[in-house]
Participant: 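Attaching a single structure in structure tokens format; questions to follow.
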2 protein chains.
Amino acid sequence: MAVPGKTSRRAGIADVARLAGVSIGTASKALNDRGQLRDETRARVQAAAEQLGFIPSSVATSLLTGRTFTVGLIMTDHHGRFSLPILHGAEDALGWAETLAFVCDTRDDPIREQHYVRSLLSRRVDGIIVAGRRAEARPPLVLQRAPVPVVYAFARSADDADCSVVTDEAGGAVMAIDHLVRTGRRRIAHVTGPHGHASAIARVTGVHESLAAAGLSLVGEPWYGGWSEVWGRFAAAALTREHPDVDAVFCGSDTIARGVADGLREAGRRVPEDVAIVGVDNWAPVAEECRPPLTSVDLNLREVGHRAGRLLLQAIESGHTPGVHAVPCQLVVRSSSAPTLG
Amino acid sequence: MAVPGKTSRRAGIADVARLAGVSIGTASKALNDRGQLRDETRARVQAAAEQLGFIPSSVATSLLTGRTFTVGLIMTDHHGRFSLPILHGAEDALGWAETLAFVCDTRDDPIREQHYVRSLLSRRVDGIIVAGRRAEARPPLVLQRAPVPVVYAFARSADDADCSVVTDEAGGAVMAIDHLVRTGRRRIAHVTGPHGHASAIARVTGVHESLAAAGLSLVGEPWYGGWSEVWGRFAAAALTREHPDVDAVFCGSDTIARGVADGLREAGRRVPEDVAIVGVDNWAPVAEECRPPLTSVDLNLREVGHRAGRLLLQAIESGHTPGVHAVPCQLVVRSSSAPTLG
DNA sequence: TTGAAAGCGCTAACAT
DNA sequence: ATGTTAGCGCTTTCAA
């Protein structure tokens with residue numbers, strides 16, 4: 001009995017043609033449903049292809065057509081909290097293996113990035129998606145005069161002639177505040193990440209805007225600190241001391257929010273009865289394990305990736321769509337912001 | 001002024017040759033440092049290539065040589081907690097853009113997997129890495145008679161003639177227990193995930209083995225439950241009730257461990273003074289935010305990926321290395337298991 | 001030292 | 001309805 005499952009050489013279209021007793025050109029037509037062929041011939045060729053386990057080489061057709069149906073996906077955050085959803089969204093848009101993505105983790109190192117870009121260009125990718133790590137704009141990719149479409153996702157390009165897809169961070173903050181106001185909260189505080197961080201700034205803007213529209217104002221100043229739980233706990237303790245009447249806290253991240261939840265509980269406040277909490281990221285491992293589970297603003301990164309993928313395909317096929325495209329956030333309500341019981 | 005940075009068509013070697021005033025063959029030799037050429041000619045060609053921003057097409061050379069310097073990376077867990085470190089390790093092994101990886105997220109769907117495999121084969125990848133989601137063996141990939149090397153990472157192939165790289169789960173448990181015993185703990189309990197889960201089973205085996213070697217035995221039976229914090233909190237409460245003299249808990253995951261830490265604290269036990277805790281995964285967002293920060297068994301997934309990448313390259317270049325290759329775990333000590341103070 | 005030509009696997013235009 | 005041929009961009013003999 002022969003060794004199953006392996007042949008020494010991969011079957012090419014020439015082998016298929018030979019087995020089917022036709023010319024290579026005829027085989028090509030039969031396999032691609034083109035030209036005028038007798039049904040019997042078509043069937044015979046397809047049977048031969050089947051029998052040989054023939055899978056056409058896309059490298060040959062790429063050479064021919066100039067299109068590879070591959071894209072590069074450059075990611076800069078190696079923990080993948082932001083890049084992965086973007087990747088998944090992009091995969092959706094790229095049609096599940098129609099177009100395949102080379103994933104390149106640059107670890108935020110420009111040298112490595114340049115290295116990867118060159119490698120991608122040499123592989124003749126049809127386009128490149130750059131998935132950023134933060135809300136700040138990033139310098140555009142250095143393409144060596146190669147006319148390859150690029151779409152920036154999450155972190156927009158500093159050059160507005162480029163095409164970028166971002167989340168509407170300020171809009172997310174507006175959603176959070178509106179939700180709190182609509183569920184009866186009036187004394188709302190804001191605990192967030194480092195001063196000067198673009199995401200923090202955008203959210204603070206949204207917070208003020210939304211509160212002003214409701215005729216309210218923030219309890220105290222925004223509390224700037226870090227993105228950690230320990231900062232959240234610390235802030236909660238200080239907050240209840242300085243503003244005992246606070247009835248809601250909007251946090252710049254789920255991690256901070258979880259810290260705030262623990263801090264409030266330990267300060268004797270009930271969540272959500274006494275104080276409601278809303279976070280940002282809707283990051284399951286944090287939002288769902290929080291006590292109580294966290295209402296959170298989802299950044300819709302998957303949709304950002306999907307949009308980026310679609311814009312990239314469009315750029316490849318019809319043309320460039322410059323500008324910054326904002327994807328709205330989405331509020332996911334859990335127990336931490338249930339309406340006040342009273 | 002001309003539009004900068006873009007040319008309508010990509011420069012090919014023919015353009016370089018024309019600009020340098022040599023034949024295509026000569027240009028090729030000059031650019032690849034082959035053959036016998038006058039230094040001046042070589043320099044002239046390289047200058048021309050530089051000027052045109054020429055980047056050789058690897059699709060042409062792939063067609064020629066049959067090697068694409070690409071691999072497929074199939075991942076099955078879309079949150080990426082396991083796949084991402086594997087990807088990073090593999091990237092290291094694949095030489096930072098020397099060989100590029102197509103990332104395929106199958107969402108654990110066999111149909112999608114088959115789809116991706118076909119797509120990868122048509123792109124003539126040199127090999128495939130399959131990054132599994134759990135410790136259980138998985139059915140081997142269905143390759144349509146294509147002689148493409150495959151390495152399974154984390155979840156081994158059910159066929160032992162395949163090449164798999166896994167973590168030494170039992171060994172990791174041994175490390176945890178040894179650490180606890182060496183730091184003076186004697187009454188050790190084990191709280192883990194679902195009964196029947198392969199990872200849980202392997203760790204329990206290691207636990208018993210290691211305790212027996214130290215002349216000890218487990219406090220009670222292993223506590224099987226879920227992988228969540230809430231299970232950890234529940235287990236901690238029950239554990240302190242049933243075995244008040246427990247002085248250490250080894251947990252099947254960091255998430256469980258964090259729950260246990262909170263549960264113990266709320267039951268009035270001090271961690272690590274009264275009870276030490278060790279988790280598994282060394283997952284930063286959990287291990288570092290835990291109160292106190294968690295000692296944890298690192299699964300070394302990055303090394304698993306690295307090893308898988310190296311084995312794949314080896315399979316491509318020299319030959320197949322069948323069998324299951326185990327990568328040892330590594331204990332990362334933090335405060336939750338500091339030696340007893342008394 | 002350089003140029004010319006064949007060929008990698010495939011498609012498409014043209015010939016039969 | 002089927003076969004033949006040129007050529008995608010490049011490397012590599014072989015000839016000059």
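Only a predicted model underlies this, so the values are computations on that prediction, with no experimental measurement involved. Proteins come first, then strands; the chains are lettered A, B, ... in the order of their sequence lines, and each starts at number 1. Quick note: numbers below take in every heavy atom, side chains included, and nothing from hydrogens, waters or symmetry partners.
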Participant: Report the distance from atom CG of B:D105 to atom CD1 of B:I74, rounding to the nearest 0.5 Å.
Facilitator: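 Atom-to-atom, B:D105:CG and B:I74:CD1 are 10.5 Å apart.
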
Participant: So, is B:T41 close to the C:dT2 phosphate, meaning a side-chain N or O under 4.0 Å from OP1 or OP2?
Facilitator: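 Indeed, a polar side-chain atom of B:T41 lies that close.
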
Participant: Looking at B:R44 and B:E40, does any basic side-chain N land under 4.0 Å from a carboxylate oxygen?
Facilitator: yes

Participant: Can you tell me how far P of D:dG9 sits from CZ of A:R123, to the nearest Å?
Facilitator: 19 Å

Participant: To the nearest Å, give me how far apart CZ (A:F54) and C1' (C:dG9) are.
Facilitator: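 Spelled out: CZ on A:F54 to C1' on C:dG9 is 8 Å.
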
Participant: What class does the angle between the rings of A:F102 and B:F102 fall in, given that below 30° is parallel, 30 to 60° is tilted and above 60° is perpendicular?
Facilitator: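 If you compare the ring of A:F102 with that of B:F102, the planes turn out parallel.
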
Participant: Identify whether any heavy atom of B:G25 sits under 4.0 Å from a base atom; if not, whether one sits that close to sugar-phosphate; answer base, sugar-phosphate or nothing.
Facilitator: base

Participant: Starting at the 5' end of DNA chain D, which residue's closest nucleotide do you reach first, B:T26 or A:L37?
Facilitator: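 Closer to the 5' end of DNA chain D: A:L37.
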
Participant: Look up atom CG in B:L141 and atom CD in B:E113, then write down how far apart they are to the nearest 0.5 Å.
Facilitator: 5.0 Å

Participant: The side chain of A:K29 lies closest to which of these nucleotides: D:dG3, D:dG9, C:dC10?
Facilitator: D:dG3

Participant: Can you tell me how far P of C:dA12 sits from CD1 of A:I13, to the nearest Å?
Facilitator: 11 Å

Participant: Between A:L63 (CG) and C:dC8 (C1'), how many Å, whole number?
Facilitator: 9 Å

Participant: Write down the distance between CG (A:L64) and C1' (D:dC10), rounded to a whole number of angstrom.
Facilitator: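 After rounding, the reported distance stands at 14 Å.
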
Participant: Which of the following nucleotides, C:dG9, C:dA4, C:dC10, is nearest to the side chain of B:S23?
Facilitator: C:dA4

Participant: From CG of A:N32 over to P of C:dG9, roughly how many Å is that when rounded to an integer?
Facilitator: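 It works out to 17 Å between those atoms.
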
Participant: Run A:R118 and A:S122 through side chain to side chain donor-acceptor pair (under 3.5 Å) and show every step you take.
Facilitator: CA-CA 6 Å; A:R118 204 192 148 85; A:S122 121; over 6 Å; no

Participant: Between A:S57 and C:dG9, is there a side-chain N or O to OP1/OP2 distance below 4.0 Å?
Facilitator: no

Participant: Please report, rounded to the nearest Å, how far the P atom of D:dG3 is from the CZ atom of A:R38.
Facilitator: 10 Å

Participant: What is the distance from CD of A:Q36 to P of C:dA12, rounded to the nearest Å?
Facilitator: 15 Å

Participant: Would you mind telling me which residue lines up with the more 5' stretch of DNA chain D, B:V59 or B:R34, judged by nearest nucleotide?
Facilitator: B:V59

